[in-house]
Amino acid sequence: MSAQATGREAALQADIQRLQQGGPQKYKDKLADEGKLFVRDRLKLFFPEGLSFEDGLFANNLRAEEGLAADGMVTGAARMADRTLFVIANDYTVKAGSMAERGVEKFLRVQDRALRAQKPILYLIDSSGARITDQAGFFANIRGIGKYFYNHSLLSGKVPQVSVLYGPCVAGAAYTPIFCDFMVMVRGMSALCIASPRMVEMVTGEKIGMQELGGADFHMEESGQCHVVVDTEQEAALAVWKLMTYLPDNCDQRPPLYESREPASPTSGLGALIPEDPNKAFDMRDLIARLVDAESWFEIKAGHAQELLTGFARIGGHVVGIVANNSAVRAGAIFPHSADKAAEFITTCDAFNVPLVYLCDTPGFMVGSEVEAAGILKRGKKFIYATSTATVPKFCVVVRKAYGAGIYAMCGPAFEPDATLALPGAEIAVMGAEAAINAVYANHIAKVPAGPEREKFIADKRTEYKRDIDMHVTANDLIVDHIVPPSQLRVELVARLATYADKRLPLPKKGHGTVI
């Protein structure tokens, strides 16, 4: 190589290194003061070996001295264990990670290429939103920020989209994580809102802080828009790594099959966990720990609508999505928020070929004026619709009680499960015994003098009702496929997951349903 060529290469390497330094040092110092990582250090948490390649590093390089290196965005692809992901990461040292013409084009190209390559996209978001001073070049253009959300919609259900938030994401910047299949927020650092506290005060007069308006705990517990909350950037990277082990690269593939591991707690103790009294609470997470492979339970929206649990796990090495009523919280009844939570999770699992296991222990949908005002019927419809239209392998396990429309939402016999299983003592009924007796015999009971005679009448009717809904009667009528000894439930599910791995159940041909 000639001296001239060597000099050119050296100069190019120097340019690359300069551009990779991002914005001015004072903004890097500010990141450190806020306990945040520089974008390229952040990327190393996810991709220790570095990016496989980077596109658009030279975007706005002619204005790099103005603090516009790479136009504030790192884009490319990288390896995560044995798979490749596309990545988009804001550089907060460049104009607070704001988005302008070159950065917008980089963002769109990653989306285009991920769709073409059928690979997941990871969005590391630390952006103040649109760069208002430059809005003429990108706001309403055909290939402007609006195209982000058009592309998100096309990508939805095709490839997994995962976002991690590292700062306040306001207005346009807030929509990307909302469109993603999974959103991870860092407590005390992340925030998500449609308008800043300053704008909120100007428009409504309300004075509120950023964390109260849209912090991680708020979006986990109240709005339900966040899927995972962590405390540090390191934990965020670990959460994404674990999450990706349950997902395929795209909708045409299956999740990976892993080597089976014994549960963290012995399956022999599963039956003893379940109280005989259907009104006595227990934590369904304890049952899950005896059912799934050790260390495989990954709960989604753990702090939201906790009367219903959703999460990924592995059973005998098979990836599954679990939807489970949790009687330890609000008796395991289905509320509007838990219906939304379940519908979203079921739809995501179905999109990416993740089999579903329903663990049913519910008195049914909650009643009353409060839930009616919150749209319990409309939101419950979404839950039932998601269960109805899911074409992946589906298994309903009646753990203890399945009352009212709860058995519908939880994939009971009418909803084409590949098996309806029940544990001993489980009940499927319009309602529980006490409620049924009150509904049918309230007037008669009121006429019977209080005391032993009334108590005997109620006890006799309770016995009659329990006899009618005894699980052996239900199994006799083929409403359930099998009554499973609790210690054998895991073995039963492993066998059925393997059997139905190649399931094909096409839906009726149509454009799409109208339930949203």
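Small disclaimer: the values here were computed from a predicted structure and weren't measured.
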| remark: Residue pairs passing the ring pair (Phe, Tyr, Trp, His ring centres under 6.0 Å) test with at least one member in residues 316-339, sequence neighbours excluded, are H304-H337
| Point-to-point distance, once rounded to the nearest 0.5 Å, from CG of L124 to CD1 of I88 | 9.5 Å
| M80 and V240, any side-chain heavy atoms less than 4.5 Å apart | yes
| request: Check ring pair (Phe, Tyr, Trp, His ring centres under 6.0 Å) between Y148 and all other residues, then give those that pass, not counting sequence neighbours. | output: F107
| query | Is the backbone N or O of I479 less than 3.5 Å from a side-chain atom of D477, with the two atoms forming a donor-acceptor pair by type? | reply | no
| task | Answer yes or no: is there a side-chain heavy-atom contact under 4.5 Å between I300 and F182? | result | yes
| L505 atom CG, over 12 foreign heavy atoms within 6.0 Å | yes
| Sidechain-backbone polar pair: D283 side chain, N326 backbone, donor-acceptor under 3.5 Å | no
| request: Check Y385 against G513 and note the closest heavy-atom contact, atom names and distance. | output: OH-CA, 3.2 Å
| note | The reported gap from CD in Q488 to CZ in R490 (rounded to nearest 0.5 angstrom) is 11.5 Å
| Check: N250 side chain, Q118 main-chain N or O, donor-acceptor pair, under 3.5 Å | yes
| said: Test your reading of the model: is there a side-chain donor-acceptor pair from R261 to the backbone of V292, 3.5 Å cut-off? | reply: no
| With no hydrogens and no angle check, is any side-chain donor or acceptor of D350 less than 3.5 Å from a backbone partner on T391? | yes
| request: Sorted by first residue and then second, give each side-chain hydrogen bond (donor to acceptor under 3.5 Å, both in side chains) pair with at least one member in residues 233-242; sequence neighbours left out. | output: R42-E233
| message | I need the full list of salt bridge (Lys or Arg N to Asp or Glu O under 4.0 Å) pairs touching residues 313-329, with sequence neighbours left out, sorted by first then second residue. | response | none
| task | Could you give me the CA-CA distance, side-chain angles and deciding distance for V357 and L359, then say whether side-chain contact (heavy atoms from CB on, under 4.5 Å) is met? | result | CA-CA 6 Å; V357 174; L359 301 176; 4.0 Å; yes
| By side-chain hydrogen bond (donor to acceptor under 3.5 Å, both in side chains), which residues pair with N151, not counting sequence neighbours? | Q111
| query | Less than 4.5 Å apart, any side-chain heavy atom of T362 and any of C360? | reply | yes
| message | Quick check: do L85 and I121 have side-chain heavy atoms less than 4.5 Å from each other? | response | no
| field | Spacing of M431 atom CE and I469 atom CD1 [to the nearest 0.5 Å] | value | 11.0 Å
| message | Suppose the criterion is side-chain hydrogen bond (donor to acceptor under 3.5 Å, both in side chains): which pairs have a residue in residues 162-176, not counting sequence neighbours? | response | H152-T176
| task | Would you please name every residue forming a ring pair (Phe, Tyr, Trp, His ring centres under 6.0 Å) with F345, sequence neighbours left out? | result | F312
In a table with atom names and distances, give each donor-acceptor pair under 3.5 Å that connects a side chain of residues 204-230 to protein atoms at least two apart or in another chain.
from : atom 1 : to   : atom 2 : distance (Å)
T204 : OG1    : V200 : O      : 2.7
T204 : OG1    : E206 : N      : 3.1
Q211 : NE2    : S190 : O      : 3.1
D217 : OD1    : R187 : NE     : 3.0
D217 : OD1    : R187 : NH2    : 3.0
D217 : OD2    : R187 : NE     : 3.1
H219 : ND1    : S223 : OG     : 2.7
H219 : ND1    : Q225 : NE2    : 3.1
H219 : NE2    : L192 : O      : 2.7
S223 : OG     : H219 : O      : 3.3
S223 : OG     : Q225 : N      : 3.2
S223 : OG     : Q225 : NE2    : 3.2
H227 : ND1    : M183 : N      : 3.0
H227 : NE2    : D181 : O      : 3.3
H227 : NE2    : E344 : OE2    : 2.6

| Does any N or O in the side chain of D293 come within less than 3.5 Å of the main-chain N or O of S260, such that one atom is a donor and the other an acceptor? | no
| request: Show your working on side chain to side chain donor-acceptor pair (under 3.5 Å) between S296 and Y246 and close with a plain yes or no. | output: CA-CA 9 Å; S296 73; Y246 303 101; 5.2 Å; no
| query | Any side-chain heavy atom of E492 sitting closer than 4.5 Å to one from L421? | reply | yes
| query | Which residue, Q306, R330, E307, forms the side-chain hydrogen bond (donor to acceptor under 3.5 Å, both in side chains) with S338? | reply | E307
| query | Can you find a pair of side-chain heavy atoms, one from L165 and one from V186, that are under 4.5 Å apart? | reply | no
Which side-chain N or O atoms in residues 266-273 pair as donor and acceptor under 3.5 Å with protein atoms at least two apart or in another chain?
none

For residues 396-420, run the donor-acceptor check on the side chains, cut-off 3.5 Å, and write out each pair with its distance to 0.1 Å, sequence neighbours left out.
from : atom 1 : to   : atom 2 : distance (Å)
R400 : NE     : D361 : OD1    : 3.3
R400 : NE     : D361 : OD2    : 3.3
R400 : NH1    : D277 : O      : 2.7
R400 : NH1    : K280 : O      : 2.6
R400 : NH2    : K280 : O      : 2.9
R400 : NH2    : S327 : OG     : 3.3
R400 : NH2    : D361 : OD2    : 3.1
K401 : NZ     : P278 : O      : 2.9
K401 : NZ     : D361 : OD1    : 3.1
Y403 : OH     : E427 : OE1    : 2.5
D418 : OD2    : K394 : N      : 2.9
D418 : OD2    : K503 : NZ     : 2.9

| said: If you count heavy atoms of other groups shown closer than 6.0 angstrom to NE2 of H482, is the number above 12? | reply: yes
| For N443, which residues count as a side-chain hydrogen bond (donor to acceptor under 3.5 Å, both in side chains) partner, sequence neighbours excluded? | none
| task | Give, for atom OG1 of T347 and atom CZ of F352, the distance between the pair rounded to the nearest 0.5 Å. | result | 11.5 Å
| query | So does F149 have more than 12 non-hydrogen atoms from other groups sitting under 6.0 Å from CZ? | reply | yes
| task | Kindly write out the residues that satisfy salt bridge (Lys or Arg N to Asp or Glu O under 4.0 Å) with D340, not counting sequence neighbours, or none if the list is empty. | result | R379
| Any side-chain heavy atom of Q161 within less than 4.5 Å of one from Y123? | yes
| message | Checking the side chain of K341 only, and the main-chain atoms of K301 only, is there a donor and an acceptor separated by less than 3.5 Å? | response | yes
| pair P177-I125: side-chain heavy atoms closer than 4.5 Å | yes
